[in-house]
**Q** 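Pasting a structure here, questions to come.
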Amino acid sequence: MIFDNYYDIDIQYNGQSLELDCQSVSFAIHDSIFSQLSSASFTITDSTGLYRNNGLATEGNHIQIQYGLNPLPDEKLVTDFVVESSENINVSTPGILSGVIRLNLIHNIYDKQVVDTVAYNQKISKVVEDYCQAKNFKKTNIEQTEDKSIWYQLGVDFSTFIDTVLVVNAYSNNSDETPFFCFINSKNEFNFKSYKNLINQTEVETLTWVPVKPDAMQLNSILDIKPYNTGSKKQKYTRQKTIITRSYIDGSFVRKVSETGNHPSNKASSSKIPIVSQEKATTDYVYYNYTFRKLEDNNSLRARINYDFKDSLFIEKYLITTAFNPRLVSGRIVNLQLSVASPNGEGIESSAYQSGNYLIEDTIHSWDGTTKKAITTLIVSRKFCKSINKTLVDKLVW
Amino acid sequence: MVTLREAQVIDINDPDKAGKIKIRILPEMELFKVDVLPWVGIYHEGTGITSTQGVHILPEQNSFIRVLIEDWPHLRKIRVISDDYVEGIYIYNNTSLTQVTDLTAQTYPQPFFKKYKDGTIEFHNTSSGEYGVLYKGGEYEIHDATGNYLINVKTNKLKFYNNTTSLKSIILDLKTLITHMQSTSAFLDGESRPCTYTQTSSDATLLSNLATKINSLLLD
């Protein structure tokens, strides 16, 4: 249904379009590279109580949300969700179970999970590819891995198996010693990729933060922005690790130092990690146990080491609000064009230090039927900056 | 995460000859094909491990054991730490030492013992002090309650020897010496006349049986 000749919104309930007035519903669709399953919340005003009475709020119902822009039909967000839980936000009329119902939705693959015990004697990317067969994803982006071994799914569902075993052990020569991420974005695209391959993508949008008049706002205009850092309490331990393994050949212990700058290791020489530190000091000490006879098993050991550098990948962040833009989903790259006051006091100028490509970690695409507001909120981050900031260039250690 | 699980031994013939065994973790791997089951190491007790010392004892195929999985759910470091306990197949009531006729009557919980796949039993009654081994064919050796050391090889033979000789050889030589000494001309009296051993006929059977006994008990 096209609303205001611009917004393309449709809600389907167990396969049937609800034919709702878009002003009577609100929803927010969420995806994240840290969460395998996309999710959503959906609220609807049930003034008579008949929606709940007829089972709309029942766990297990299938809800499909289609959310797009008329000018961008190919970018429409379409996901099949299942009701995970529900609540009435209020009960508005005394004596009648009416009010606003909120459905908490999760990607419908949640409903298809089977707890099983299986052994897979394959490389991890193949295991994931087989899993994605017949799952009706719009697209699958699965990076090939070099880790053929026996992988055990023991008494868990496959989604848990991905999170606890496959993602942790996945290794590809192209990953450049970075960990893998597995997530379904709001376009129902299944992704299993290393951080290196995520950040190497071409940007899907350039977002600008410059003051413009409301009637000059465009799809790529930033409405609000909040810069912040992850903070050293979360990631300081990743700066320089002493990593110890043990040789399966003679039992000897092998020590190695790995720094945050090794993950990824190949980067432009101008790239710096925006952390000022007086010295490179050891911040963690980890024993990873034995090495292995087979190359593929040693690859997975490297993957587990890389996985433990995950927190080091998201140093500088921005919380950004834009008009609803379906191009912006987790796992994609945006280019931020940010400005600061001109040093000579005349107007503003582009900040070369803060502008650049950022990885979208997290998005929420929301529709508020009451205010008819369509918003996209995203968290973007980066690990490296170009050391153009002259006051920092000598102080950035890595 | 570290976790302890039950398992069954599937194969002890490690192609790397590195003491690993193939196991089936139960119940999760109950229906897995053999080729996807993991090979795991064993934490022994005894000598510590270097390139020149260690213990090589493997649990038998199809036996139940306990394993420590030190990196659940990756299952890359699994170690056998002990036997399992299954009340219904506990070994005491399936074991008999009555073939050790020099052993006194045993009352539960004695004796303590270790019984192997071939039927060999190493036993020790820690109350009476009886200690020994019953072998698969019924032969045994025992240090009994009074301190005697007894060896019963049933219808088989014993061998005591070193690089130069053996007990059998020594006894056979003694037998030969006795035979020579029994002959008429072996000894002369004061007038150089041969003496006669007066027990020759009565000892003939003894001498003949001695040969049979030596060959029966002692191995060349």
Side-chain angles (χ1 to χ4, degrees), chain A residues 115-124 127 147-171 180 244-253 286-308, chain B residues 1-8 10-11 13-56 66-81:
Chain A
V115 173
D116 206 351
T117 55
V118 185
Y120 303 91
N121 190 1
Q122 293 164 341
K123 56 183 184 176
I124 287 175
V127 176
D147 46 34
K148 184 178 186 298
S149 186
I150 301 176
W151 305 106
Y152 296 105
Q153 177 187 353
L154 299 181
V156 295
D157 60 43
F158 200 91
S159 185
T160 304
F161 177 51
I162 286 180
D163 283 343
T164 58
V165 178
L166 300 187
V167 161
V168 180
N169 285 283
Y171 182 85
F180 272 68
I244 302 170
T245 54
R246 194 173 184 196
S247 164
Y248 80 91
I249 296 172
D250 60 9
S252 59
F253 290 85
V286 189
Y287 173 46
Y288 283 93
N289 233 295
Y290 282 98
T291 55
F292 298 92
R293 203 181 279 263
K294 281 172 52 182
L295 170 66
E296 291 84 357
D297 288 332
N298 283 320
N299 282 347
S300 291
L301 174 59
R302 287 167 77 173
R304 291 200 287 282
I305 294 172
N306 295 339
Y307 188 82
D308 288 342
Chain B
M1 187 177 92
V2 178
T3 186
L4 191 61
R5 307 304 286 267
E6 292 125 326
Q8 189 174 30
I10 302 304
D11 190 348
N13 196 1
D14 179 8
D16 298 323
K17 296 187 173 62
K20 298 191 298 293
I21 61 172
K22 179 172 278 212
I23 65 167
R24 186 186 296 279
I25 296 173
L26 297 170
E28 289 91 343
M29 296 185 177
E30 188 175 4
L31 302 177
F32 285 6
K33 292 182 182 172
V34 170
D35 62 343
V36 296
L37 299 177
W39 288 94
V40 308
I42 302 173
Y43 283 149
H44 293 286
E45 254 185 53
T47 66
I49 180 171
T50 68
S51 57
T52 56
Q53 71 196 54
V55 173
H56 177 69
R66 282 275 173 165
V67 294
L68 189 69
I69 303 173
E70 299 186 33
D71 63 343
W72 183 280
H74 307 296
L75 274 70
R76 291 295 181 267
K77 190 177 182 193
I78 307 171
R79 296 291 184 264
V80 177
I81 57 168

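So you know, we letter chains A, B, ... as the sequences are listed, proteins then strands, and number each from 1. What you see is a predicted model; the values in this text were computed from it and never measured. Every heavy atom of this structure was used, including side-chain atoms; hydrogens, water molecules and symmetry mates were not.
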**Q** With a 4.5 Å cut-off on heavy-atom pairs, point out which of B/I49, B/I25, B/L37, B/D16 contacts chain A the most.
**A** B/D16
**Q** Might you point out which heavy atoms bring B/H74 and A/T164 nearest each other, and give the distance in Å?
**A** CE1-O, 3.4 Å
**Q** Rounded to the nearest 0.5 Å, what's the gap from CZ on A/F292 to NZ on B/K77? Could you check?
**A** 9.5 Å
**Q** Is chain A contacted by the side chain of B/P38, its backbone, both, or neither, given a heavy-atom distance below 4.5 Å?
**A** both
**Q** Testing the basics here: between A/A119 and B/V36, what is the closest heavy-atom pair and its distance to 0.1 Å?
**A** CB-CG2, 3.6 Å
**Q** Is there a side-chain contact between B/F32 and A/L154 (heavy atoms, below 4.5 Å)?
**A** yes
**Q** Does B/Q53 have more than 12 heavy atoms from other residues, nucleotides or ligands lying within 6.0 Å of its CD?
**A** yes
**Q** For chain B, find which of A/V118, A/N121, A/D250 contributes the most heavy-atom pairs closer than 4.5 angstrom.
**A** A/V118
**Q** Considering only heavy atoms, which portion of A/Y120 lies under 4.5 Å from any heavy atom of chain B: side chain, backbone, both, or neither?
**A** neither
**Q** Before giving the answer on side chain to side chain donor-acceptor pair (under 3.5 Å), spell out for A/S149 and B/R76 the whole-Å C-alpha distance, their side-chain angles and the decisive distance to 0.1 Å.
**A** CA-CA 10 Å; A/S149 186; B/R76 291 295 181 267; 3.0 Å; yes
